[in-house]
Amino acid sequence: MENAKNIELINQIDKNNIPEHVAIIMDGNGRWAKKRFLPRSAGHHEGMKRVIEIVETAEKLDIKYLSLYAFSTENWKRPQEEIDNLMKLLIQYIKTELDRIHKNNVKIQTMGDISKLPRASREEVERAIKTTKDNDKMILNIGLNYGGRDEIIWGIKNILEDIKMGNIKEEEIDENLFSDYLYTKGLPDPDLLIRPSGELRLSNFMLYQIAYTEFWFSDILWPDFKEEDFYRAIIDYQKRNRRFGGI
Ligand code: IPE
Ligand code: IPE
Ligand code: MG
């Protein structure tokens, strides 16, 4: 059942101008927990519940691509206990949600070097990718051990390798070809980037892809990010005038 507030907001959304690709830096779990004198793990657990809801909301809105930043190449700097906790939550998320996601025809894919994840988490992620590989309602693209700089360097190395092998020629390198060497191969650039938690930075997220993305920042901490906040971000997005350098 939709509540009245949500219905009012949904009615303000132009169904013909839904952002095709939405990217979210899910941030603020630790601060949410701290405010409640809870361990950081409680914030991550609550944050995972928001992931479940926001994925469902994205499906409802007919968003075609949803990219979620779950773990960065820099997050390995955190205490081992917190890393372990996040990796376990990833498994828990897949175990609880995979059936529903698959039934709803959503395809799970990842960006980042998942070979560096602990084995149990990696295997669960691989199972999710394999199970949903033929789905086409929405792509849920999860950033795991993802960093924008790491992605660009990885792409350059692969291009050099392909030149060496004779698969491509140097003259063929252009923006289109380069995009195919990023983790986001086949995905359009994000139209809208959402970052809650009050930080006004990218933290190494999708550096190449967001050249013309619209940004939506908010002080809301991720565990407080509700369906209605997602609607508000989209309503604001629809008021933007995207010029892409033109007039
Ligand atoms: C985001 O919340 C979750 C991850 C980075 C995995 P944080 O854990 O960064 O929460 P804050 O920023 O410390 O509040
Ligand atoms: C960005 O949040 C990474 C993810 C949400 C996975 P961080 O909490 O790691 O970013 P910084 O350290 O505040 O820039
Ligand atoms: Mg943070």
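The figures that follow rest on heavy atoms only: side chains count, while hydrogens, waters and symmetry mates do not. Bear in mind the structure is a predicted one, so any value in this text is a computation, not a measurement. Note that ligands are numbered from 1 as they come in the structure, with each ligand's atoms numbered from 1 the same way.
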**Asked** Using heavy atoms and a threshold below 4.0 Å, how should the contact between Phe71 and ligand 2 be classified: side chain, backbone, both, or neither?
**Response** backbone
**Request:** List the closest protein heavy-atom neighbour of atom 9 (O) of ligand 2: residue, atom name, distance to the nearest 0.1 Å.
**Result:** Asn75 ND2, 2.9 Å
**Asked** Hey, is Glu199 close enough to Arg201 for a salt bridge, meaning N to O under 4.0 Å?
**Response** yes
**Prompt:** Identify the closest protein heavy atom to atom 8 (O) of ligand 1: which residue and atom is it, and at what distance?
**Reply:** Arg78 NH1, 2.7 Å
**Request:** Using a distance threshold of 4.0 Å (strictly less than), state whether atom 12 (O) of ligand 2 has a protein heavy-atom neighbour.
**Result:** no
**Complete:** Taking only non-hydrogen atoms of Asn29 and a 4.0 Å limit, the atoms of ligand 1 in range are 1 (C), 2 (O), 3 (C), 7 (P), 10 (O), 14 (O)
**the Mg ion (ligand 3) to nearest N/O/S of Asp27 below 2.8 Å** = yes
**Prompt:** Under a 4.0 Å N-O cut-off, is there an ion pair linking Glu228 with Lys5?
**Reply:** no
**Prompt:** Which ligand 1 atoms does His44 reach within 4.0 Å, using its non-hydrogen atoms?
**Reply:** 3 (C), 8 (O)
**Asked** Hey, which atoms in ligand 1 end up nearer than 4.0 Å to a heavy atom of Arg31?
**Response** 11 (P), 12 (O), 14 (O)
**Prompt:** Among all protein non-hydrogen atoms, which one is nearest to atom 10 (O) of ligand 1, and what is the separation to 0.1 Å?
**Reply:** Gly30 N, 2.9 Å
**Prompt:** Given that the side chain starts at C-beta and the backbone is N, CA, C, O, which of these parts of Met26 lies under 4.0 Å from ligand 2, counting heavy atoms, or is it both or neither?
**Reply:** backbone
**Request:** With heavy atoms of Ala70 as the reference, note each atom of ligand 1 found under 4.0 Å away.
**Result:** 6 (C)
**Request:** Output yes when the distance from some N or O of ligand 2 to some N or O of Arg201 is under 3.5 Å, and no in every other case.
**Result:** yes
**Same apolar cluster: Leu86 and Ile114, side chain cutoff 4.5 Å** = yes
**Message:** I'd like to check which ligand 2 atoms, numbered from 1 as shown, lie under 4.0 Å from a non-hydrogen atom of Asp27.
**Reply:** 2 (O), 8 (O)
**Request:** Please determine if Ser203 has a nitrogen or oxygen closer than 3.5 Å to a nitrogen or oxygen of ligand 2.
**Result:** yes
**Message:** Between Glu161 and Lys157, does any NZ, NE, NH1 or NH2 come within less than 4.0 Å of an OD or OE carboxylate oxygen?
**Reply:** no
**Asked** Can you list the atoms of ligand 2 that are under 4.0 Å from a heavy atom of Ile25?
**Response** 1 (C), 5 (C)
**Contact with ligand 2 for Arg195, non-hydrogen, under 4.0 angstrom** = yes
**Item:** N-O pairing of Glu46 and Arg50 below 4.0 Å
**Value:** yes
